[in-house]
Amino acid sequence: MTVEDIGRGIKYNALGKSISVLTGLLISILIVRGIGKEEYGLFIFVMSIFMLLSPIYNLGLTRPLTRYVAEYK
């Protein structure tokens with residue numbers, strides 16, 4: 001791995017991140033225009049709750065819980 005490879009990787013990483021930020025901004029503008037301000041606020045609220053709870057979901061607690069409920073029944 002050379003310095004040129006690292007520089008190329010950083011360049012592509014920065015380009016990809018900037019494209020994703022611009023795409024997210026464009027999509028949010030289209031969503032606001034399509035559904036309105038109040039509904040967009042509710043959408044962002046629900047998405048932020050999901051994002052806050054996603055680390056708990058990613059811990060893998062759903063599989064043992066599903067097995068426990070199935071065995072309990």
Side-chain angles (χ1 to χ4, degrees):
M1 189 176 261
T2 64
V3 175
E4 291 85 19
D5 292 337
I6 294 172
R8 194 175 314 121
I10 291 173
K11 179 176 66 173
Y12 289 135
N13 189 9
L15 182 67
K17 285 186 185 255
S18 61
I19 288 173
S20 69
V21 167
L22 290 174
T23 304
L25 180 64
L26 178 67
I27 288 173
S28 67
I29 290 171
L30 292 175
I31 290 174
V32 168
R33 293 194 76 164
I35 64 174
K37 289 187 230 176
E38 289 85 17
E39 289 83 8
Y40 182 70
L42 183 62
F43 172 74
I44 293 298
F45 177 72
V46 170
M47 289 301 291
S48 62
I49 294 295
F50 283 151
M51 289 173 64
L52 287 172
L53 294 177
S54 69
I56 296 171
Y57 180 77
N58 289 335
L59 287 175
L61 298 175
T62 55
R63 182 172 295 152
L65 184 62
T66 305
R67 288 183 182 169
Y68 175 74
V69 169
E71 289 178 7
Y72 178 77
K73 286 187 175 185

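Taking CG from Leu15 and OG from Ser20, the interatomic distance works out to 10.0 Å, rounded to the nearest 0.5 Å. Distance check: Ile35 CD1 to Phe43 CZ gives 6.5 Å after rounding to the nearest 0.5 Å. In this structure, Met51 CE and Ile44 CD1 are separated by 9.0 Å, a value rounded to the nearest 0.5 Å. If you take CG on Leu30 and CG on Leu25, they are separated by 9.5 Å, rounding to the nearest 0.5 Å. Interatomic distance, Phe50 CZ to Phe45 CZ, rounded to the nearest 0.5 Å: 10.5 Å. The distance from atom CG of Leu53 to atom OG of Ser48, rounded to the nearest 0.5 Å, is 9.5 Å.
Tyr40 and Ile27 end up in the same hydrophobic cluster when Ile, Leu, Val, Met, Phe, Trp and Tyr side chains are linked at under 4.5 Å.
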